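Chain letters run A, B, ... following the sequence lines, proteins first, then strands; residues in each count from 1. The model shown is predicted, which means the values in this text are computed figures rather than measured ones.
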There are 2 protein chains.
Amino acid sequence: MRLEDVARWSRVSTATVSRVLNNAPSVKNSTRARVMKAIETLKYNPNLHARSLAAGKSRSIGIIVSNLGNPFFWDIYRALERAARDAGYEVIIANTDYSSASLAASVWMMLGQRVAGLAAIVSEMDPQWIEVFEGHRIPVAYYGVNTPRKNIFNIRVQYRRGMEKLISHLYSLGHRRVGFVGHHTELGSIQERLKGVLDSVRRHPDLQVSAVEDEDSLEGGRRAARALLAANPTLTGLVCVNDWMAVGALRELRETGLCVPADISVTGFDNINLAQFCDPALTSVHLPRDRIGQIMCDFLINRESQYQHEFLIDPELVTRESTGPAGRNTVQT
Amino acid sequence: MRLEDVARWSRVSTATVSRVLNNAPSVKNSTRARVMKAIETLKYNPNLHARSLAAGKSRSIGIIVSNLGNPFFWDIYRALERAARDAGYEVIIANTDYSSASLAASVWMMLGQRVAGLAAIVSEMDPQWIEVFEGHRIPVAYYGVNTPRKNIFNIRVQYRRGMEKLISHLYSLGHRRVGFVGHHTELGSIQERLKGVLDSVRRHPDLQVSAVEDEDSLEGGRRAARALLAANPTLTGLVCVNDWMAVGALRELRETGLCVPADISVTGFDNINLAQFCDPALTSVHLPRDRIGQIMCDFLINRESQYQHEFLIDPELVTRESTGPAGRNTVQT
DNA sequence: TTGAAAGCGGTACCAG
DNA sequence: CTGGTACCGCTTTCAA
């Protein structure tokens with residue numbers, strides 16, 4: 001079923017059918033109706049490849065994320081998709097699993113698809129890619145690029161400030177020995193969170209921090225918590241790189257018989273919905289996923305975002321049940 | 001940067017470059033090397049649209065799901081993606097949000113993309129689509145199509161058996177008044193779960209069931225639980241259509257001050273990872289997402305699945321902490 | 001308001 | 001082993 005079939009059926013040229021398909025204004029109503037009917041009865045379905053090849057562009061924007069299984073990314077995707085769809089665009093997703101190889105493949109694919117714009121929400125985004133994109137003239141919205149760069153649209157979360165808020169919160173509750181549950185710490189934006197922790201340490205000389213890393217998953221969080229406690233049984237607080245892993249950590253603590261927050265406090269990051277649904281509800285720091293998704297889409301499509309080149313986010317502390325005064329593990333001096 | 005540029009640079013014809021790109025065996029090593037180098041230095045990136053238009057097919061398979069935000073669907077997607085990638089295929093995702101309109105759009109898009117195969121894991125899949133697909137000659141793997149049909153590959157979960165296992169489990173623990181947390185009950189496969197519940201009622205005449213529905217989300221589960229308890233304060237058990245909503249329900253119960261399972265038992269469905277990470281861990285029924293994803297992909301790509309036309313799954317009961325003997329709410333007769 | 005025809009960037013068949 | 005060259009299905013001038 002091709003354009004030509006529809007054209008023949010409705011006794012017009014393919015050009016006219018094409019016009020109808022694209023709502024060109026210059027088509028007589030009667031012919032338009034005839035063509036529409038043909039499309040209908042023939043169940044014609046345009047070949048998107050041919051369409052974007054001929055048009056030289058595709059009505060779709062791409063989004064690459066590290067781990068869609070983590071609700072944080074999912075929320076951003078949702079917001080971006082909604083905005084894109086409202087503007088008449090499709091969204092193509094790619095998941096990288098924090099793998100550089102996978103990222104490369106995804107980027108390649110997006111480029112091959114000739115997406116109209118690309119949202120890169122991957123902590124493993126290597127600066128080299130930025131140049132590749134510039135060469136391709138395709139607008140890209142980044143998330144979490146830390147090295148300042150001119151002429152790129154970047155959403156930068158002030159992780160360190162977020163982490164500092166969390167750490168200060170714990171410190172003021174009397175915690176002096178905390179563990180950090182991280183993941184893929186070699187990566188930029190994540191590294192940033194760890195730095196936030198370490199900075200806070202410097203600020204509070206009597207604070208001891210031990211870090212461990214595992215994969216970004218419930219199981220990863222659980223294993224990390226286990227490792228941390230095994231090496232350091234007297235920890236009174238667990239700072240997790242994100243809520244997703246924190247939920248895993250909570251599970252491990254429960255298993256061990258430790259009560260949160262009576263015996264040990266736990267903090268997350270991102271403030272995903274699940275943070276309110278786990279037990280105890282997680283103290284976290286809020287990242288506006290909806291906003292992020294919208295802004296990125298807005299930039300990609302309209303290209304005239306009111307935010308020049310960088311959009312800064314200062315995460316806000318959200319205190320819930322998982323943090324409390326340092327309890328029985330506290331050294332009695 | 002087009003094929004022709006590469007051809008010119010390496011002093012060969014576009015045909016040869018194409019051969020190199022597709023690993024055709026009949027290319028002299030020296031020329032292959034030259035072309036490769038050209039591709040490399042020019043940073044040539046093939047236009048996927050042109051490619052699949054010319055080839056008449058695309059190396060990608062599509063997957064349509066109802067709610068990727070629910071880990072159940074995510075797990076299936078992951079398995080399918082892994083299998084597809086191993087076979088050299090890309091995977092295109094589409095999410096429908098349980099909306100028929102959205103489903104139609106997704107199907108249309110997949111058809112337009114000329115996917116090599118399609119996995120439809122949507123409870124709202126209307127039988128009419130099956131005919132559309134047959135007209136398009138594209139292999140489709142369905143999940144949860146209940147009305148028996150010849151010549152389609154379908155993975156059918158015996159929801160009713162699963163539900164019966166859950167209900168029997170509760171019944172044997174002394175529960176006689178249970179609530180059903182459902183969602184979109186007008187849809188086929190979900191309807192099936194509700195039927196499972198109702199069937200069990202018939203089997204146990206003294207069992208009372210009240211049902212409520214809400215959206216498939218943590219919040220939805222929570223609201224449903226609230227509604228159920230408000231209308232029926234003496235329930236001793238909550239049967240949820242899936243784990244995702246069950247986690248939301250657990251939250252509500254905790255809020256209300258009810259202890260699970262001491263005061264009220266809760267069951268899920270799917271046995272997603274999160275079921276082991278929530279508190280209390282959920283009693284559920286296991287659905288092998290990995291297996292499902294693999295089998296679907298296998299069928300789509302190799303088309304000679306050892307499973308003829310239907311793959312039946314009999315969900316297995318997994319007992320955990322969220323269910324126990326009917327407690328204080330039990331009527332003292 | 002409509003049609004004819006030249007591409008868009010590849011693929012693949014047919015020669016050589 | 002390599003080149004020439006019809007398409008693939010649709011968009012988009014340019015004329016009519």
Side-chain angles (χ1 to χ4, degrees), chain A residues 1-36 38-39 42-60 88 90 108-116 136-138, chain B residues 1-36 38-39 42-60 90 108-109 111-116 136-138:
Chain A
M1 208 43 48
R2 310 166 309 145
L3 237 199
E4 201 179 322
D5 300 316
V6 179
R8 202 178 351 259
W9 201 94
S10 38
R11 305 187 163 290
V12 294
S13 70
T14 60
T16 298
V17 179
S18 175
R19 290 189 184 102
V20 172
L21 247 34
N22 299 292
N23 316 305
S26 65
V27 179
K28 208 200 300 177
N29 274 330
S30 60
T31 37
R32 179 188 300 280
R34 195 144 37 90
V35 173
M36 300 270 264
I39 291 176
L42 260 28
K43 291 187 201 302
Y44 167 70
N45 177 242
N47 182 319
L48 264 31
H49 297 301
R51 194 203 281 257
S52 25
L53 175 58
K57 62 195 171 195
S58 79
R59 286 295 272 185
S60 60
E90 294 286 341
W108 221 238
M109 195 263 274
M110 294 295 182
L111 254 28
Q113 293 268 17
R114 298 295 188 269
V115 290
H136 280 264
R137 301 262 163 95
I138 146 177
Chain B
M1 207 44 49
R2 310 167 307 146
L3 235 200
E4 201 179 323
D5 299 316
V6 180
R8 204 179 350 260
W9 201 94
S10 38
R11 306 188 164 290
V12 295
S13 70
T14 60
T16 299
V17 178
S18 176
R19 288 187 187 105
V20 172
L21 247 34
N22 299 291
N23 315 305
S26 64
V27 179
K28 210 201 298 176
N29 275 328
S30 61
T31 36
R32 178 188 300 280
R34 195 145 37 90
V35 173
M36 299 270 265
I39 291 176
L42 293 175
K43 291 187 201 300
Y44 167 70
N45 178 242
N47 183 319
L48 265 30
H49 297 301
R51 195 204 281 258
S52 25
L53 175 57
K57 62 192 171 198
S58 78
R59 286 294 273 185
S60 59
E90 294 286 341
W108 221 240
M109 196 262 273
L111 254 29
Q113 292 268 15
R114 297 296 189 268
V115 290
H136 280 265
R137 299 265 163 95
I138 147 179

(Q) Based on the rotation axes of five pairs at each end, what angle does the helix from C:dT1-D:dA16 to C:dG16-D:dC1 bend through, to 10°? (A) 30°
Q) Do A:Leu3 and A:Ser18 touch side chain to side chain, with heavy atoms closer than 4.5 Å? A) yes
(Q) Mind checking if B:Arg11 touches a base, just sugar-phosphate, or nothing, with heavy atoms under 4.0 Å? (A) sugar-phosphate
**Q.** Nearest-0.5 Å distance that lies between atom OG1 in A:Thr16 and atom NZ in A:Lys28
**A.** 10.5 Å
(Q) Does D:dT2 have OP1 or OP2 under 4.0 Å away from a side-chain N or O of B:Thr31? (A) yes
Q: Go through the steps to decide whether B:Asn22 and B:Arg51 satisfy the test side-chain hydrogen bond (donor to acceptor under 3.5 Å, both in side chains), and finish with yes or no.
A: CA-CA 11 Å; B:Asn22 299 291; B:Arg51 195 204 281 258; 3.1 Å; yes
Q. Tell me, for nucleotides 7-16 of chain D in 5' to 3' order, what letter each nucleotide earns: B for a base near a protein heavy atom under 4.0 Å, S for only sugar-phosphate near one, - for neither?
A. -BBBBBB---
Q. With side chains defined as the heavy atoms from C-beta onward, is the minimum distance between B:Asp5 and B:Tyr44 less than 4.5 Å?
A. no
(Q) Looking at B:Met36, I'd like to know if its CE atom is crowded, meaning that more than 12 non-hydrogen atoms belonging to other residues, nucleotides or ligands lie closer than 6.0 Å. (A) no
Q. In Å, rounded to the nearest 0.5 Å, how long is the span from CZ of B:Arg11 to CZ of B:Arg34?
A. 8.5 Å
Q | Distance-only side-chain donor-acceptor flag, B:Arg32 / B:Asn23, under 3.5 Å | A | no
Q) In Å and rounded to the nearest 0.5 Å, what is the CG to NE2 distance from B:Asn45 to A:His136? A) 5.5 Å
